[in-house]
Amino acid sequence: MTPNNAVLTDDFGRKHNYLRISLIEKCNLRCTYCMPADGIVLSPKASLMTADEIHAIAQTFVTNGVDKIRLTGGEPLLRKDFPEIIAKLGSLKTEISITTNGILINKHLDVLKQFNVKKINLSLDTLVASKFHSITLRDQFQSVINNLHLLLNNDFKIKVNVVLIKGFNDDEIIDFIKLTKFLPISIRFIEFMPFAGNEWDKSKMVSQKEILDQVQHHFPESHVEKLEDDKNFTAREFKIKNYLGSFGIISSITNPFCDGCNRIRLTANGQLKNCLFSNSETDVLTPFRNGEAIEYLIAFAIKNKKKVRAGMTTIEDVNNPALNQDNRSMIAIGG
């Protein structure tokens, strides 16, 4: 069947072939930039998508042109039916990847290999065990490090996601890059972004410029290589000469990449978000359960996507609590 690309094309000509599906709102860490200090009100279990519903709704997207699916959370590996979900999505013959904190991934290597899930984004914000505990409130640092090496030893392609927060881990930028000297990984530095309950403040953000200033101060200019960015990039990619791996900068705040955005998000309770920053959502799960077609709802969500950051076009907009806190918490959206 020929994909109907019109359903997934917005008014700015952006084609959305990349679906990010949150499987669960729970996590076994409590990272402060993601989970509010008082937690969140979880969706009732009955309102979460089942494995069959995830597969059927994803099938609708694939029929209309999606060729890449990423599973997120919360922590997606907390779903007891995770192997069943992977098996069902594997039948769609599209690329599947996951974002995880890595704590449980050793228990799922066989199913990931079976269904050719080779691309893993691993969240790791510090290389210091005590700081890991301070931001996650859990003593799981060594488990994550062990599983990072386990994945590499099993030939998975790894990107390490590092959310930078000034005064917490911005002094580790060079240490993370030095990992790429001997490890074939991509470090992805992510600007701290505002979501409900994460006490975002512009002063805590480490900008793309500040990251590159550190890099250029530490490494000779001739050793810092700019790599070609992907067509629909989120990270601007760099490499240190003769290093095995690379590093990228995801600068959603100071240098957004909205012009080439090809992503749409489906929350664990079946709501479509056309932008990570958007406070509007489109319920596709309820109509699906009522036996209705959902293509028109998908098209509606895509057509209502703003050109830049859900309409927050300036740093001043992003810094406005009336705008930047009118959203879900990150854990309830999916990474």
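Taking CG of Leu104 as the start and CG of Leu78 as the end, the distance is 6.0 Å to the nearest 0.5 Å. Here NE2 of His108 is found 11.0 Å from CG of Asp110. Values are rounded to the nearest 0.5 Å. Here the straight-line distance linking atom CG of Leu150 with atom CD1 of Ile145 works out to 13.0 Å at 0.5 Å rounding. Between the OG1 atom in Thr100 and the CD1 atom in Ile105 there is a gap of 5.0 Å [rounded to 0.5 Å]. One distance of note links CD of Glu95 with CZ of Arg70; it measures 8.0 Å at 0.5 Å rounding. Note that CG of Asn106 is 9.0 Å distant from CG of Asn146, once rounded to the nearest 0.5 Å.
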Before you tell me yes or no, could you show the steps for Thr180 and Leu244 under side-chain contact (heavy atoms from CB on, under 4.5 Å), namely the whole-Å CA-CA distance, both residues' side-chain angles and the distance that decides it to 0.1 Å? CA-CA 6 Å; Thr180 69; Leu244 280 181; over 6 Å; no
Report the C-alpha separation of Lys166 and Asp170 in whole Å, then their side-chain angles, then the decisive distance to 0.1 Å, and conclude whether the salt bridge (charged side-chain N to carboxylate O under 4.0 Å, His left out) test is met. CA-CA 6 Å; Lys166 192 165 291 184; Asp170 54 327; over 6 Å; no
Might you work through the side-chain contact (heavy atoms from CB on, under 4.5 Å) test for Glu25 and Asn269, ending with a clear yes or no? CA-CA 9 Å; Glu25 297 172 349; Asn269 63 343; 4.3 Å; yes
Could you go step by step and tell me if Phe257 and Asp229 meet the side-chain contact (heavy atoms from CB on, under 4.5 Å) rule? CA-CA 11 Å; Phe257 35 81; Asp229 296 322; over 6 Å; no
Verdict with supporting geometry, Ser123 and Thr99, side-chain contact (heavy atoms from CB on, under 4.5 Å): CA-CA 7 Å; Ser123 298; Thr99 295; 4.2 Å; yes
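Counting all heavy atoms, side chain and backbone alike, Val66 lies closest to Thr94 at O-OG1, 4.0 Å. For the pair Pro76 and Leu23, the tightest heavy-atom approach, listed with the atom from each and the gap, is CB-CD1, 3.9 Å. Across every non-hydrogen atom of Asp283 and Gly270, the tightest pair is OD1-O, 3.7 Å. Here the closest non-hydrogen pair linking Arg236 and Pro256 is NH2-O, 3.7 Å. The minimum heavy-atom distance between Ser91 and His55, with the atom names listed, is OG-NE2, 3.3 Å. The shortest heavy-atom contact between Ile69 and Ala58 is CD1-CB, 4.1 Å.
Under the side chain to side chain contact (heavy atoms under 4.5 Å, CB included) test applied with Lys273, the options Arg20, Lys305, Arg265 reduce to a single match, Arg265.
Contact of the Ile173 side chain with the Phe189 side chain is registered, since non-hydrogen atoms from C-beta on lie closer than 4.5 Å. Counting heavy atoms from C-beta on, the side chains of Lys306 and Cys275 never come closer than 4.5 Å. With contacts defined as side-chain heavy-atom distances shorter than 4.5 Å, the pair Val162/Glu172 does not qualify. Side chains of Leu151 and Leu109 form a contact here, defined as non-hydrogen atoms less than 4.5 Å apart. The closest side-chain heavy-atom distance from Leu8 to Asn17 is not below 4.5 Å. Side-chain contact between Phe12 and Cys258 is absent, with no heavy-atom pair separated by less than 4.5 Å. Residues Asn169 and Leu164 meet the side-chain proximity criterion, which asks for heavy atoms closer than 4.5 Å. The shortest distance between side-chain heavy atoms of Ile298 and His16 does not fall below 4.5 Å.
Between the side chain of Gln208 and the backbone N or O of Ser251, no donor-acceptor pair lies under 3.5 Å. Put simply, the side chain of Arg30 never gets that close to the backbone of Arg138: no donor and acceptor are under 3.5 Å apart. In this structure, Asn232 contributes its side chain and Gly260 its backbone to a donor-acceptor pair below 3.5 Å. In this structure a side-chain-to-backbone donor-acceptor pair under 3.5 Å is present from Ser47 to Pro44. A donor-acceptor distance shorter than 3.5 angstrom exists from the side chain of Arg14 to the backbone of Lys307, with no hydrogens or angles considered. With hydrogens and angles disregarded, a donor-acceptor distance shorter than 3.5 Å links the side chain of Asn101 to the backbone of Ile103.
Hydrophobic clustering (ILVMFWY, side-chain heavy atoms < 4.5 Å, transitive): Leu48 and Ile294 are in distinct clusters. Ile190 and Ile165 fall within a single hydrophobic cluster, where Ile, Leu, Val, Met, Phe, Trp and Tyr are joined by side-chain heavy atoms under 4.5 Å apart, directly or via other members. In the hydrophobic clustering of this structure, Tyr243 groups with Ile211; members are Ile, Leu, Val, Met, Phe, Trp, Tyr whose side-chain heavy atoms approach within less than 4.5 Å, directly or through other members. Connection of Phe300 to Val7 is not established within any shared hydrophobic cluster, with ILVMFWY side chains joined at heavy-atom distances below 4.5 Å, either directly or through further cluster members. At a threshold of 4.5 Å between side-chain heavy atoms, the hydrophobic network of Ile, Leu, Val, Met, Phe, Trp and Tyr places Tyr296 and Phe288 in one connected group.
Contacts classified as ring-ring contact (aromatic ring centres under 6.0 Å, His included) and involving residues 139-187 (residues at least two apart or in different chains) are given here: Phe132-Phe141.
Side chains of Lys113 and Asn154: a donor-acceptor N/O pair is present below 3.5 angstrom, by distance only. Judged purely by distance below 3.5 Å, without hydrogens or angles, the side chains of Asp52 and Thr50 never pair a donor atom with an acceptor atom. Residues Glu281 and Thr267 bring no donor and acceptor atom of their side chains to less than 3.5 Å of each other. The closest side-chain donor-acceptor pair between Asn28 and Glu75, if any, does not fall under 3.5 angstrom.
Between Glu53 and Arg289, at least one side-chain nitrogen of the basic residue sits less than 4.0 Å from a carboxylate oxygen of the acidic one, meeting the salt-bridge criterion.
Lys226 NZ: more than 12 foreign heavy atoms inside a 6.0 Å radius. In the displayed structure, Lys303 atom NZ is contacted under 6.0 Å by more than 12 heavy atoms of other residues, nucleotides or ligands. Around CD of Glu221, the count of heavy atoms belonging to other residues, nucleotides or ligands within 6.0 Å does not exceed 12.
With sequence neighbours left out, the salt bridge (charged side-chain N to carboxylate O under 4.0 Å, His left out) criterion links Asp67 to no other residue.
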